[in-house]
Amino acid sequence: EVQLVESGGGLVQAGGSLRLSCAASGFTFDGYAIGWFRQAPGKEREGVSFISSRDGSTYYTDSVKGRFTISGDNAKNTVYLQMNSLKPEDTAVYYCAATRRTLTYAQVVSPMSYDYWGQGTQVTVSS
């Protein structure tokens, strides 16, 4: 059974840091594209970051550039999202997603591009 499990969310004060993990079971990340998305109450799911296990290319949405870092550990079959300098507007449920497809730059931020999803982890940043 293919499964993605996120962890690492929590409550943090503005300016603090969290590291989210996305662990895969039932398949290996090698050859997959992994995306991190977030969804705040009343808002659409937003693409935050992306990494390709094929070539290591990454993507960040403008609002997190310079603050978030995505990385992967193929040996642990886990992708991480290091989030620094957190802001209240980063508050959301964060999801990781995976696909074997090769995505264009425009496709990496679309939830429709991904085949597998985790259950999400809540990140709350207090002001």
Side-chain angles (χ1 to χ4, degrees):
E1 179 186 5
V2 172
Q3 199 171 18
L4 296 173
V5 178
E6 303 96 334
S7 61
L11 173 63
V12 65
Q13 288 188 332
S17 298
L18 286 173
R19 187 176 80 157
L20 304 184
S21 299
C22 173
S25 60
F27 70 104
T28 58
F29 276 145
D30 190 25
Y32 277 75
I34 310 300
W36 280 100
F37 290 77
R38 66 186 179 187
Q39 189 165 19
K43 294 189 176 182
E44 292 187 352
R45 192 164 294 191
E46 173 192 23
V48 175
S49 185
F50 156 92
I51 187 167
S52 168
S53 65
R54 294 188 181 94
D55 60 10
S57 58
T58 59
Y59 161 88
Y60 300 93
T61 193
D62 286 345
S63 62
V64 308
K65 283 180 181 176
R67 301 189 298 122
F68 290 11
T69 303
I70 191 169
S71 62
D73 186 335
N74 283 354
K76 294 184 177 181
N77 220 28
T78 301
V79 170
Y80 304 98
L81 186 68
Q82 177 67 43
M83 306 187 298
N84 298 329
S85 302
L86 283 162
K87 304 175 181 181
E89 51 263 43
D90 294 318
T91 295
V93 178
Y94 283 70
Y95 301 89
C96 66
T99 181
R100 282 196 64 88
R101 286 178 279 179
T102 300
L103 303 180
T104 65
Y105 183 79
Q107 289 173 323
V108 301
V109 295
S110 170
M112 299 294 291
S113 301
Y114 296 83
D115 302 306
Y116 306 110
W117 288 85
Q119 82 290 347
T121 185
Q122 176 71 46
V123 171
T124 303
V125 184
S126 64
S127 58

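Heavy-atom basis, side chains included; hydrogens, waters and symmetry copies ignored.
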Whether the side chain of Ser113 engages the backbone of Gln107 through a donor-acceptor N/O pair (distance < 3.5 Å, no angle test) should be reported. yes
Side chain to side chain, Phe27 and Leu4, heavy atoms closer than 4.5 Å: yes
Measuring from Thr91:OG1 to Arg38:CZ, what's the distance to the nearest 0.5 Å? 9.0 Å
Drop me the distance from Lys87's NZ to Ser63's OG, to the nearest 0.5 angstrom. 8.0 Å
Closest contact, heavy atoms only, Ile34 versus Ala98: CD1-CB, 3.5 Å
Value for OG (Ser53) from CG (Asp73), rounded to nearest 0.5 Å, stands at 12.5 Å
Are Leu20 and Val123 side-chain neighbours, meaning at least one heavy-atom pair lies under 4.5 Å? yes
Residue pairs meeting ring-ring contact (aromatic ring centres under 6.0 Å, His included), one or both in residues 40-71, sequence neighbours left out, come to Tyr59-Tyr105
Taking C-beta and beyond as the side chain, do Tyr94 and Met83 meet within less than 4.5 Å on heavy atoms? yes
Heavy-atom distance under 4.5 Å between the side chains of Leu81 and Ser49, does that happen here? yes
Aromatic ring pairing Phe37/Trp117, orientation class (parallel under 30°, perpendicular over 60°, tilted between): tilted
Result of checking Thr69, Val108, Ile70 against Ile51 for side-chain contact (heavy atoms from CB on, under 4.5 Å): Ile70
For Lys76 and Thr78, the nearest pair of non-hydrogen atoms, with its separation, is O-OG1, 2.8 Å
For the side chain of Gln119 and the backbone of Val5, is there at least one donor-acceptor N/O pair under 3.5 Å apart? no
Ring pair (Phe, Tyr, Trp, His ring centres under 6.0 Å) partners for Tyr80, two or more places apart: none
Hey, quick one: are Tyr95 and Tyr32 part of the same hydrophobic cluster, counting side-chain heavy atoms closer than 4.5 Å, chains of contacts allowed? no
Nearest non-hydrogen partners of Thr28 and Asn77, listed with the distance: CA-OD1, 3.2 Å
Under a 3.5 Å distance rule, please check whether Gln13 uses its side chain to pair with a backbone N or O of Ser126 as donor and acceptor. no
Please report the closest heavy-atom contact between Ala33 and Arg101, naming both atoms and the distance. CB-O, 4.2 Å
Out of curiosity, Gln39 CD to Glu46 CD, how far, rounded to the nearest 0.5 Å? 10.5 Å
For the hydrophobic clusters of this structure (ILVMFWY residues joined by side-chain heavy atoms under 4.5 Å, transitively), does one cluster hold both Leu103 and Val48? no
Spatial distance of atom CZ (Arg45) from atom CE (Met112) [nearest 0.5 Å]: 12.0 Å
Can you list everything that forms a salt bridge (Lys or Arg N to Asp or Glu O under 4.0 Å) with Lys43? Sequence neighbours excluded, please. none
Can you tell me how far apart CG (Leu18) and CG (Asp90) are? Round to the nearest 0.5 Å. 10.0 Å
Would you name the heavy atoms of Lys65 and Asp62 that are closest together and state the gap between them? NZ-OD1, 3.0 Å
For the residue pair Ser21 and Trp36, what are the closest heavy atoms and their distance? O-CH2, 3.7 Å
Do Tyr116 and Phe29 share a hydrophobic cluster, counting only Ile, Leu, Val, Met, Phe, Trp and Tyr and linking them when any side-chain heavy atoms are less than 4.5 Å apart? yes
